Amino acid sequence: SIMVGSFRRTVEIWVGQTLRGDLYVEPVGHRLAPSATALPETLVAAVRRLPGVLAADTFRGTRITWGAPGEAPRAVFVAGVDFDVESRHGHLEFLRGESSAILARARAEGGVVVTESFAHHHRVAAGDTIALVAPAGTARLRIEGVFYDYTTDAGAVLMDRSLYERLWRERRTESLALTLRPGASPDSVRAEVLAAAGGLVLSVTPNRLLRKRVLTVFDQTFQITWALEAIAVLVAVLGVVSALTALIVQRGREVGVLRAAGALRAQVRTMVLVESGLLGLSGALLGCVAGLALSLVLIDVINKEYFGWTIRLALDPRVFARAIAIVVLAALASGIAPARLAATRVGAESLREE
């Protein structure tokens, strides 16, 4: 829960910083076949001229295989965007340095920026040079910065639109990110974009819906964690039931003596339930400590090594409170049957055995 919560919080912050456009325009079917869909240049120009549009960032990309000398090639995503628009209206978060300055330098000097996962998998950093094989030939490009990104763990190389068009010899525009003028209505501009499209079927998504969609996909991806929690609780219940039942059988004479000394059945049941509750509480506290340690290993070691992503640790006290409450309640519920078994002990039988 700590790992998933930390990852979700990290993605939420990243989405808020990265998705700065007010409207996102793409052809219907673009997600199924990105390289096979494109927006007409006439439409892109018409959208730029709309009164409510302050800036339009274009996007195009392709997948290649790339590997540093001596390493096996891996799938890499190469994309071209408007660094000028991105530096003025976007906010990519870099490991080191300020976003606008890095993007302006990359645009002016023909450099690129890469994702954190790309830098991790290929052991490169800002200031290194990579060689990309493109239709125009092999290009040696300087890495101007490394930015946080959670789109793909395969890694991506981001360059200015003009450099991408020169290397890949195409002017395709796959999607648009529109920044609106202050006071402009997203709904009105959306209607104007659809009207300008004519017969072309477009998907024009407002910023808030796109953010919601990203988080929805994230939550759906990690729904399995709820099943894992349910299994853990079930295993805990079975463990408490078996442990308490064995203890009651083992301490049968002790319980019988208590009954013979005048202990009521309700008192015996209460004794066993308190014991089961304390067993659950101690287990929950130890589990919280162990879970925190495991989450640190998952976040700082396993996740970093496998995906190359940096996840910011987010400790939510409600996670610990929920875990303790669920486990204690489960322990109390699992102690009901052993408590009833203990209450059926007859004092005379125990004394006779003694």
Side-chain angles (χ1 to χ4, degrees), residues 1-15 117 120 148 150 153 214-252 254-255 258 266-343:
S1 294
I2 294 172
M3 189 276 290
V4 174
S6 298
F7 197 4
R8 191 184 194 281
R9 179 57 181 162
T10 302
V11 171
E12 191 174 0
I13 294 174
W14 168 73
V15 167
S117 56
H120 175 79
Y148 296 103
Y150 304 92
D153 65 319
V214 171
L215 295 177
T216 298
V217 171
F218 179 92
D219 292 336
Q220 291 174 346
T221 303
F222 286 95
Q223 279 183 346
I224 187 64
T225 56
W226 297 107
L228 294 176
E229 288 189 15
I231 293 173
V233 171
L234 178 60
V235 171
V237 168
L238 295 176
V240 171
V241 170
S242 59
L244 288 178
T245 302
L247 286 175
I248 295 304
V249 173
Q250 181 181 356
R251 295 158 51 193
E254 175 187 339
V255 175
L258 290 175
Q267 291 175 320
V268 174
R269 284 195 296 266
T270 301
M271 178 187 70
V272 177
L273 288 176
V274 169
E275 186 175 353
S276 65
L278 291 174
L279 184 63
L281 179 61
S282 60
L285 293 176
L286 291 173
C288 287
V289 174
L292 177 59
L294 178 60
S295 67
L296 294 176
V297 173
L298 290 171
I299 291 173
D300 294 332
V301 181
I302 296 178
N303 177 80
K304 186 71 175 180
E305 183 64 27
Y306 189 79
F307 296 105
W309 292 334
T310 294
I311 296 180
R312 305 175 185 182
L313 180 64
L315 293 178
D316 187 354
R318 292 175 296 182
V319 172
F320 297 96
R322 184 186 67 185
I324 293 174
I326 290 177
V327 173
V328 170
L329 291 175
L332 289 173
S334 60
I336 293 176
R340 289 178 176 176
L341 175 63

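One is the number of the first residue; the rest follow in order along the sequence. Since this is a predicted model, take the numbers as computed values, not measurements.
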Check against side chain to side chain contact (heavy atoms under 4.5 Å, CB included), I2 and L313: CA-CA 8 Å; I2 294 172; L313 180 64; 3.9 Å; yes
Kindly give the heavy-atom pair with the smallest separation between [X] and [Y], and that separation in Å.
X    : Y    : answer
S276 : A331 : O-CB, 3.3 Å
S6   : R312 : CB-O, 3.3 Å
K304 : H120 : O-NE2, 3.0 Å
T225 : V4   : CG2-CG2, 3.6 Å
S1   : V319 : CB-CG1, 3.7 Å

Straight-line distance of [X] [atom1] to [Y] [atom2], nearest 0.5 Å:
X    : Y    : atom1 : atom2 : answer
E305 : D300 : CD    : CG    : 12.5 Å
Y148 : I13  : OH    : CD1   : 11.5 Å
R322 : D316 : CZ    : CG    : 8.5 Å
I326 : E229 : CD1   : CD    : 6.5 Å

Pairwise side-chain contact, E275 with L279, heavy-atom cut-off 4.5 Å (strictly under): no
message: A side-chain contact here means heavy atoms from C-beta on lying under 4.5 Å apart; do L298 and N303 qualify?
response: no
task: Assess whether side chain to side chain contact (heavy atoms under 4.5 Å, CB included) is satisfied between L292 and L315, documenting all intermediate values.
output: CA-CA 9 Å; L292 177 59; L315 293 178; 3.7 Å; yes
task: Identify, with sequence neighbours excluded, every residue that meets salt bridge (Lys or Arg N to Asp or Glu O under 4.0 Å) alongside E12.
output: R8, R9
query: Would the Y150 and F307 ring centres measure less than 6.0 Å apart?
result: no
field: Working for ring-ring contact (aromatic ring centres under 6.0 Å, His included), residues F7 and W309
entry: CA-CA 10 Å; F7 197 4; W309 292 334; 5.6 Å; yes
- prompt: Checking side chain to side chain contact (heavy atoms under 4.5 Å, CB included) for the pair I311/I299: CA distance, chi angles, key distance, verdict?
  reply: CA-CA 6 Å; I311 296 180; I299 291 173; 3.8 Å; yes
- prompt: Which is it for V289 and L285 under the side chain to side chain contact (heavy atoms under 4.5 Å, CB included) test, yes or no, and what are the steps along the way?
  reply: CA-CA 6 Å; V289 174; L285 293 176; 6.0 Å; no
